[in-house]
Amino acid sequence: MTSEPDGSHGRPSHDGAKPDSALVVEHLTKRFAERVAYEDVSFDVGYGEVFGFLGPNGAGKTTTVRTLGTLVAPTSGSATIVGIPLSAESGPAIRARISIMPESPGLYLRLTVAENLECFARLYELRDVRGRIDRVLQAVNLTERASDVCGALSKGLRQRVALARALLSDPEVLFLDEPTSGLDPVATRDVHGLLDALRARGVTIVLTTHRLEEAERLCHRVAILNTTLRLVGRPDELRAQLFSRNLEVRTRTQLDEPGRVFDGLAHVEGWEQSPTGSYVLNVTDPDAAAPGIARALVAANADILSVAESHHSLEDVYLEVVDEDVEAKR
Amino acid sequence: MGFSWVRVGAIVRKELRDYRRNRFVVVTMSFLPLVFIVAPVTQLFTIKLSMTSARFDDRIGLALLFMLILPAIIPSVLSAYSVVGEREQGTLEPVLTTPIHPEEFLVGKALAALLPTLAVTYVIFGVFLGAIAAFAHPAVASAIFERNHLLVQLLFTPLVAGWSIWTGIAISTRTSDVRAAQQLTVLASLPPVGAVALMNFDVITPSLGLALGLAGGPLLIDAMAWRVVAALFDRERLVTGARG
Ligand SMILES: Nc1ncnc2c1ncn2[C@@H]1O[C@H](COP(=O)(O)OP(=O)(O)OP(=O)(O)O)[C@@H](O)[C@H]1O
Ligand SMILES: [Mg+2]
């Protein structure tokens, strides 16, 4: 079930060529005493790619991000971050070129938005601190709140300040650990808008999330992690890989002899009736199969309502993989 | 990627801003010094010249001792909180994701505790001396203004504070509870005060040479402390919250 990272990134110029990968992760494992946080994780992320990490609670997403952000040392395996091999000594050099927005914003609540950002701008030893702060505040639409004390901000606004903080140093790779967790739909849409803008600017982003529609919408590729890496690929590839292609046929009344209609049609490998009364046909190529199916239905005097590709969301993919793990553990 | 004073400065500045708006810190910083000025001044104003010279000296010693408890106690409030407090607030992880070295973080924390401590202690000591000069009996005043006493006071203030700060930060890096850190730190801040007490009560004669010699110990500790504490600083444990 596990597919190897295929290196096909969102940007056509990258053919998975290793040297210009922002992240290369090979057989990385982290154990806390006897508890395994994640195991044998390998993938790579190209520059300009938005890479999603999906997985249930406790899957090891945060620990993976912390490892790549040099906050936690891996138990085994190796990783290269923006071309620098991960090691005990390379921490500061790596951290200078990436940034992480952690699960909780962790702002200094007695300091203002601008003061929080100023502190971090100096921790990155940035020049033109004022200019930088103005720019990131503009990017997250918080310019008017610059002198508000962080303790007085709503959760959504705090999240945006944390995002601004992560953008201060113009990181080559931006790690976002559940950037929209606990946000209402409007605040979530705002954050998505910001991420869209970053994506358009070609910022490399590694995003962990529980929100599948978020991953589907924002990410060029996603990885499904459940202690081990279960799948890596583009959302549409994962769907295709996991679910054989189907066409759904809906008719006004039940067919008298569906077997006589569907059996032996070109490109049709099998069929079954769904609980809703429609017919789901297993096909090799939907475009090639559909016309023949329509003709056969007409010939059988059926009242056709629709012949359509049945759609699987990333959620179906996710549940398929994660349920499989739950069953395996029983 | 060497040691950066810019990053140290960022931590110091942020801490000082935070203290100013933290009611607990402001109250402690203003209330403690009041206690520590009222007590010794009362000690000295109630001295009767008919006392034996030994009791007289004890009173003087006690009064000056109060002045040295201040630099031990004030920073312990700040330093005990320094690491474990940020960890509990959840602000430690973002800081550690920046290129900061543990040494820079710790030196920043130490300076941020030292600066207000020195300011408060010296101001209080100045007020104390002023009060003595203006209102106390000339015999008391001349005993206080004795050169050795003043020197011990001025020299030991930063040393006692330094000891208190570094033990506090060390405890703060290794405990997982703010209150435990605070209690341990107050205890740990007392030994140098004890040493000074021996001198003030003339159990040890406070000669200049001895004072300098005694100062050498804490000085060495203060100078080495940041390396020792940096070695105790376990980024992974602090971030993942694994209770060790
Ligand atoms: N310090 C630690 N000591 C022991 N186990 C730990 C520690 N930190 C994390 N773990 C374990 O490692 C596993 C992965 O945790 P992690 O926080 O990375 O998961 P996650 O995918 O981010 O989960 P969530 O979706 O809830 O944020 C969990 O089983 C967790 O209990
Ligand atoms: Mg997590």
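No hydrogens, no waters, no symmetry mates; every other heavy atom, side chains included, goes into these values. Nothing here was measured: the structure is a model prediction, and the numbers come from that model. Every chain is numbered from 1, with letters handed out A, B, ... down the list of sequences.
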- Under 4.5 Å from any heavy atom of chain A - which part of B:Val8: neither
- Closest contact, heavy atoms only, A:Arg95 versus B:Thr98: NE-O, 2.7 Å
- A:Ala33, A:Ala162, A:Cys119: which one forms the most heavy-atom pairs within less than 4.5 Å of chain B? A:Cys119
- Task: Can you tell which part of B:Arg13 gets under 4.5 Å to a heavy atom of chain A, answering side chain, backbone, both or neither?
- Result: side chain
- Task: Would you tell me whether B:Gln89 and A:Tyr108 have side-chain atoms, one donor and one acceptor, within less than 3.5 Å of each other?
- Result: no
- What heavy-atom pair brings B:Thr97 and A:Tyr124 nearest, and what distance separates the two atoms? O-OH, 3.8 Å
- Proximal component of A:Glu103, with respect to chain B [non-hydrogen, under 4.5 Å]: neither
- Task: Please name the pair of heavy atoms, one in A:Arg110 and one in B:Asn22, separated by the smallest distance, quoted to 0.1 Å.
- Result: NH2-ND2, 3.1 Å
- For residues A:Leu107 and B:Thr91, report the shortest heavy-atom separation together with the two atoms involved. O-CG2, 3.3 Å
- Message: So A:Glu118 and B:Arg17, do their side chains get closer than 4.5 Å, heavy atoms only?
- Response: yes
- Taking a cut-off of under 4.5 angstrom between non-hydrogen atoms, the residues of residues 68-90 of chain A near chain B are A:Thr70, A:Leu71, A:Val72, A:Ala73
- Message: If you compare all heavy atoms of B:Pro94 against all heavy atoms of A:Pro105, which two are closest, and at what distance to 0.1 Å?
- Response: CG-O, 3.8 Å
- Message: Taking the side chain as everything from C-beta on, heavy atoms only, tell me whether A:Arg66 gets closer than 4.5 Å to B:Glu93.
- Response: yes
- So what's closer than 4.5 Å to chain B heavy atoms on A:Arg165: side chain, backbone, both or neither? side chain
- Query: Are the side chain of B:Arg7 and the backbone N or O of A:Glu125 linked by a donor-acceptor pair below 3.5 Å?
  - Reply: no
